[in-house]
Structure formats: C-alpha cells, structure tokens
Amino acid sequence: MLRLLVCVSGGGTNLQAILDAIDHGIITNARVETVISNNENAYALERARSRGIEALCLSPKSYETRELFNQAFTDRVKRINPDLIVLAGFLVAIPAAMIEAFENRIINIHPSLIPSFCGVGFYGLRVHEAVLARGVKVTGATVHFVDGGMDTGPILLQKAVEVCQQDTPRELQQRVMEQAEWKILPQAIDLIANGRVEVTEGKAYII
Ligand code: GAR
C-alpha cells in the first residue's frame, strides 16, 4: 500500500479528486497518510480533517528565514517518510534537500501542457490568463516528476483541453480541472501505486 503525502496551498479540489478516486477504486493500492499546507486557512486542510486524515500547516511565515523553513519542512517530511509526495496545487518551492532525498518520488500537477506556460511565475489563475492572452486554441494539464528546476522534471501524463473564444480565466481553469487535472492526477498515482512507472534518463515511461 503506497503511503501518500499530499501538499496543498488552497481549495484542494485536486486532493478531493484523489480521495474520491480512492473511494471509487480508480486509485488502488494507495492511501493518503498526511496532508501538509503552507496556508492554515486552506480549505484543503478541512477536506483532510473531515476524513480523519492528519493535516498540518507548515508556513514559511512562521520561520525567520527561508533556510530555516526549508530545514523544518524537509525534516518533517523525512519523519513522515511517505512513499510518494503529491504536489496538488502547492505553491511553495520544494527545498533541494527534499528533492534529493525523494528522487523520483515527488509528482506535481501543473495546469498547462508543459513546456508551454510553465516555470517561474506561472501558477494558478496566472497560467490561464497567459493562455488566453496568447490566444492558443488548446491547453491542458501535466503530471510530472519534480526535479531541481521549476516544472522541468520528467513528464508522466498530459491531457489536452480546448480553449473557447469567450473563456474567462476562471472558466478556463474550471474546464482544465474538470477535463484534465482531476483525471490525470489520480491516474498517475494509480500507475505509480501499481508499479507501472519507470523513470530513466530524465524520461518517465508507463510499463
Ligand atoms: C490547480 O489548478 C493546480 O494545477 C495549480 O493550482 C491549482 C490548485 O487548485 N497548480 C499550479 O499552478 C502549480 N504550478 P486546488 O487547490 O483546487 O487543487
């Protein structure tokens, strides 16, 4: 049974999609052990607590320096020692020491088709604003492993979503979540939980 740590910053609809997928047998062989947020008001923490899942807040604001936060965050995660860390809308840069300790054991959901609309400054609604400003006709979501760069790790799953001419950023965000994120994130976890993913030379393969 794969023990998951899910890291969240906001509403936690992707966390909910994971929990629902476990309930419905779409994800097998995995359970959410702990949820961590950098934001104590994140509704995602409520979603976890209401199901009896350990949910804690670790905020950079509670530490004097970023280094001290990074140290505390990494230590805590090492103590939990999850099999897989899922970044489900987690808007904090993962400390290098944590990436090293959990190589190929951290995945992230990003709301665009990487390598478009990703990297520094592209998160949340900003991604969809940039997509609409550029006028692309297709966007989507990507699940990738986390390496030392920003959205640069091996890509595991992607799903395309149509952009409509009248879309507002919020409408587009909702469609990308419904049609892509809430599907490929649970699917990725199920593949990993069932030993069907291999990462070799910077690329992820489904076996
Ligand atoms: C999601 O759209 C996720 O892809 C995005 O934040 C949102 C969180 O929503 N993540 C990023 O932009 C990471 N670069 P949620 O809290 O409802 O799951």
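Each residue takes its place number in the sequence, starting with 1. The figures that follow rest on heavy atoms only: side chains count, while hydrogens, waters and symmetry mates do not.
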Of T152, I155, V197, which is the lone residue that meets side-chain contact (heavy atoms from CB on, under 4.5 Å) with F145?
->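 The option that passes is V197.
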
[X] side chain vs [Y] backbone, donor-acceptor pair below 3.5 Å:
X	Y	result
S112	F117	yes
N29	A193	yes
T139	V161	no
S50	R47	yes
Q158	I114	yes
H128	E171	no
N108	H144	no
R105	L84	no
D190	P186	no

Does a side-chain heavy-atom distance below 4.5 Å link [X] with [Y]?
X	Y	value
E181	P111	yes
V35	R51	no
I107	I189	yes
L157	L191	yes

Single-linkage hydrophobic cluster [X]~[Y], side-chain heavy atoms < 4.5 angstrom:
X	Y	result
L132	V136	yes
W182	L185	no
V199	I206	yes
V176	V163	yes

Classify the side-chain pair N39/S59 by whether it contains a donor and acceptor separated by less than 3.5 Å.
->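 Looking only at side-chain atoms, S59 and N39 do not form any donor-acceptor pair under 3.5 Å.
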
Atom [atom1] in [X], atom [atom2] in [Y]: separation rounded to 0.5 Å?
X	Y	atom1	atom2	answer
K159	L113	NZ	CG	10.5 Å
E33	L2	CD	CG	10.5 Å
E198	N104	CD	CG	10.5 Å
F122	S116	CZ	OG	9.5 Å
S9	L45	OG	CG	9.5 Å
T65	Q71	OG1	CD	10.0 Å

Verify the neighbour count for atom [atom1] of [X]: are there more than 12 heavy atoms of other residues, nucleotides or ligands below 6.0 Å?
X	atom1	value
R134	CZ	no
E178	CD	yes
R170	CZ	no
E103	CD	no

Between [X] and [Y], what is the shortest heavy-atom contact and its length?
X	Y	answer
L156	A204	CA-CB, 4.1 Å
A88	I109	CA-CG2, 4.0 Å
A160	V138	CB-CG1, 3.7 Å
Q173	G124	NE2-C, 4.2 Å
A30	I22	O-CD1, 3.8 Å
R126	G121	CD-O, 3.4 Å

With a 4.0 Å cut-off, would you call E201 and K203 a salt bridge?
->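 Looking at K203 together with E201, the answer is no, because their closest N to O distance does not fall below 4.0 Å.
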
Would you please test I53 and L19 for side chain to side chain contact (heavy atoms under 4.5 Å, CB included) and show each step?
-> CA-CA 11 Å; I53 296 167; L19 295 170; 3.6 Å; yes

Trace of the side chain to side chain contact (heavy atoms under 4.5 Å, CB included) decision for C164 with R175 = CA-CA 10 Å; C164 299; R175 190 176 318 112; 3.6 Å; yes

Please go through V92's hydrophobic cluster and name the other residues, only I, L, V, M, F, W, Y counting, with side-chain heavy atoms under 4.5 Å joining them.
->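 Other cluster members: L5, I36, L56, L58, Y63, L68, F69, F73, V77, I80, I85, L87, F90, I94, M98, I99, F102, I106, V146.
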
In the hydrophobic clustering that connects Ile, Leu, Val, Met, Phe, Trp and Tyr at side-chain heavy-atom distances below 4.5 Å, which members other than L91 occupy its cluster, ordered by chain and number?
->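 Traced through the cluster, L91 reaches Y123.
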
Would you check, one step at a time, whether the test side chain to side chain contact (heavy atoms under 4.5 Å, CB included) holds for V6 with N14?
-> CA-CA 10 Å; V6 183; N14 278 286; over 6 Å; no

In sequence, state the C-alpha distance, the side-chain angles, and the governing distance for R31 and R3, and then conclude on side chain to side chain contact (heavy atoms under 4.5 Å, CB included).
-> CA-CA 5 Å; R31 67 163 194 270; R3 292 166 50 249; 3.9 Å; yes

